[in-house]
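The first residue in the sequence is number 1, and the count goes up from there.
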Amino acid sequence: QVQLVESGGGLVQPGGSLRLSCAASRSIFSIYAMGWYRQAPGKQRELVAAITSAGTNYADSVKGRFTISRDNAKNTVYLQMSSLKPEDTAVYYCNAKGRILPDGTAPYDYWGQGTQVTVSS
C-alpha cells in the first residue's frame with residue numbers, strides 16, 4: 001500500500017507557473033510508473049504526464065509546457081506547469097502504477113486525493 005499526498009495547487013493567472021508535488025509514503029524507486037492525471041468539471045479524468053525508467057509521456061495539450069520529474073531520495077514526484085491556460089483548470093491527481101502484467105492487469109494502482117488548480121484572471 002502506498003499513500004500519495006498532493007500539494008501545490010492553487011489559483012494562478014494565465015501564463016503563470018505552478019509546481020505540484022506528490023509525496024509517497026514509501027520509496028518510489030521501484031514503482032514502475034508515476035503519473036499525473038487531471039479531471040475538469042464535466043469531463044473524464046485524463047492522463048497529463050507519466051514517468052518511468054524508460055522516459056516520459058505527455059498529453060498533447062501540455063507538451064512543451066509541463067514537465068514531470070521525480071526525486072527518489074525524497075519519495076516525491078513533481079509536475080512543473082508553465083504557461084498555464086484556463087483550460088488547465090482541473091483537479092490534479094497523483095498516481096502510482098505497477099507495470100502491466102502479460103494478462104493485462106496491474107499489480108497495484110494508487111491514487112492521491114487530488115489538488116485543485118485554477119487558472120483564471
Side-chain angles (χ1 to χ4, degrees):
Q1 183 71 30
V2 178
Q3 283 74 49
L4 304 172
V5 180
E6 302 97 332
S7 62
L11 176 64
V12 64
Q13 294 185 351
S17 299
L18 204 62
R19 188 177 77 161
L20 305 182
S21 298
C22 172
S25 62
R26 52 151 285 188
S27 174
I28 62 172
F29 178 78
S30 61
I31 294 178
Y32 175 68
M34 299 294 299
W36 287 94
Y37 291 72
R38 68 185 181 188
Q39 187 166 25
K43 295 189 175 182
Q44 292 184 314
R45 187 174 299 186
E46 65 174 344
L47 175 67
V48 176
I51 185 168
T52 71
S53 62
T56 57
N57 182 54
Y58 297 93
D60 288 341
S61 60
V62 307
K63 286 181 179 178
R65 300 189 298 118
F66 290 12
T67 301
I68 187 171
S69 63
R70 61 182 173 189
D71 187 334
N72 292 331
K74 296 181 179 179
N75 296 336
T76 302
V77 63
Y78 304 95
L79 184 67
Q80 178 65 51
M81 305 184 294
S82 301
S83 301
L84 284 162
K85 306 174 181 179
E87 49 263 47
D88 294 320
T89 296
V91 177
Y92 284 71
Y93 298 90
C94 182
N95 173 256
K97 193 185 304 293
R99 188 170 186 173
I100 302 299
L101 301 174
D103 64 0
T105 63
Y108 54 84
D109 191 0
Y110 303 116
W111 295 88
Q113 82 289 347
T115 186
Q116 177 71 48
V117 172
T118 302
V119 184
S120 176
S121 298

(request) Determine whether Leu47 and Ile31 fall in the same hydrophobic cluster, where Ile, Leu, Val, Met, Phe, Trp and Tyr are linked whenever their side-chain heavy atoms lie under 4.5 Å apart. (result) no
(request) Flag yes if Ile28 and Ile51 sit in one hydrophobic cluster, no otherwise; membership is Ile, Leu, Val, Met, Phe, Trp, Tyr, and two members link when side-chain heavy atoms are under 4.5 Å apart. (result) yes
(message) Run Arg45 and Trp111 through side-chain contact (heavy atoms from CB on, under 4.5 Å) and show every step you take.
(response) CA-CA 12 Å; Arg45 187 174 299 186; Trp111 295 88; 3.3 Å; yes
(request) Output all residues satisfying ring-ring contact (aromatic ring centres under 6.0 Å, His included) with Phe66, sequence neighbours left out; order by chain, then residue number. (result) none
(request) Might you point out which heavy atoms bring Ala40 and Ala90 nearest each other, and give the distance in Å? (result) N-CB, 3.8 Å
(request) To the nearest 0.5 Å, tell me how far Tyr58 OH sits from Leu79 CG. (result) 8.0 Å
(request) Could you tell me whether a side-chain N or O of Thr105 sits under 3.5 Å from a main-chain N or O of Asp103, the two making a donor and an acceptor? (result) no
(message) When you measure from the side chain of Thr89 to the backbone of Thr118, do you find a donor-acceptor pair of N or O atoms at a distance under 3.5 Å?
(response) no
(request) Pick out which of Gln39, Met81, Gln116 makes a side-chain contact (heavy atoms from CB on, under 4.5 Å) with Tyr92. (result) Met81
(message) Side-chain heavy atoms nearer than 4.5 Å, only ILVMFWY residues, links allowed to pass through others: does that put Tyr110 and Ile68 together?
(response) yes
(message) What's the separation between atom NZ in Lys74 and atom OG in Ser27, rounded to the nearest 0.5 Å?
(response) 15.0 Å
(request) Starting at OG of Ser53, measure out to OH of Tyr32 and round the result to the nearest 0.5 Å. (result) 6.5 Å
(message) Does Arg26 have more than 12 heavy atoms from other residues, nucleotides or ligands lying within 6.0 Å of its CZ?
(response) yes
(request) For the pair Arg38 and Ser61, evaluate side-chain contact (heavy atoms from CB on, under 4.5 Å) and give the outcome as yes or no after the intermediate values. (result) CA-CA 12 Å; Arg38 68 185 181 188; Ser61 60; 3.3 Å; yes
(message) I'd like to know if Lys85 pairs up with Asp88 as an ion pair, taking the criterion as any Lys NZ or Arg NE/NH1/NH2 lying under 4.0 Å from an Asp or Glu carboxylate oxygen.
(response) no
(request) Determine whether Leu20 and Trp36 make a side-chain contact, defined as any pair of heavy atoms from C-beta on separated by less than 4.5 Å. (result) yes
(request) Give me the other members of the hydrophobic cluster that Leu101 sits in, counting Ile, Leu, Val, Met, Phe, Trp and Tyr linked by side-chain heavy atoms under 4.5 Å, directly or via other members. (result) none
(request) Could you pull out all residues at least two apart from Asp109 that satisfy salt bridge (charged side-chain N to carboxylate O under 4.0 Å, His left out)? (result) Lys97
(request) Calculate, to the nearest 0.5 Å, the distance between atoms OH and SG belonging to Tyr93 and Cys22 respectively. (result) 13.0 Å
(message) Applying side-chain contact (heavy atoms from CB on, under 4.5 Å) to Arg70 and Thr76, what does each step give before you reach the verdict?
(response) CA-CA 6 Å; Arg70 61 182 173 189; Thr76 302; over 6 Å; no
(message) Main chain of Gly114, side chain of Glu6: is a donor-acceptor contact present, judged purely on distance under 3.5 Å?
(response) yes
(request) Answer with yes or no whether the hydrophobic clustering places Val91 together with Val77; edges join I, L, V, M, F, W, Y residues whose side-chain heavy atoms lie under 4.5 Å apart. (result) no
(request) Check for a donor-acceptor pair, side chain of Tyr78 on one end and backbone N or O of Asp71 on the other, with a separation under 3.5 Å. (result) no
(message) Same cluster or not: Val117 versus Met34, using hydrophobic residues (I, L, V, M, F, W, Y) connected whenever any side-chain heavy atoms lie under 4.5 Å apart?
(response) yes
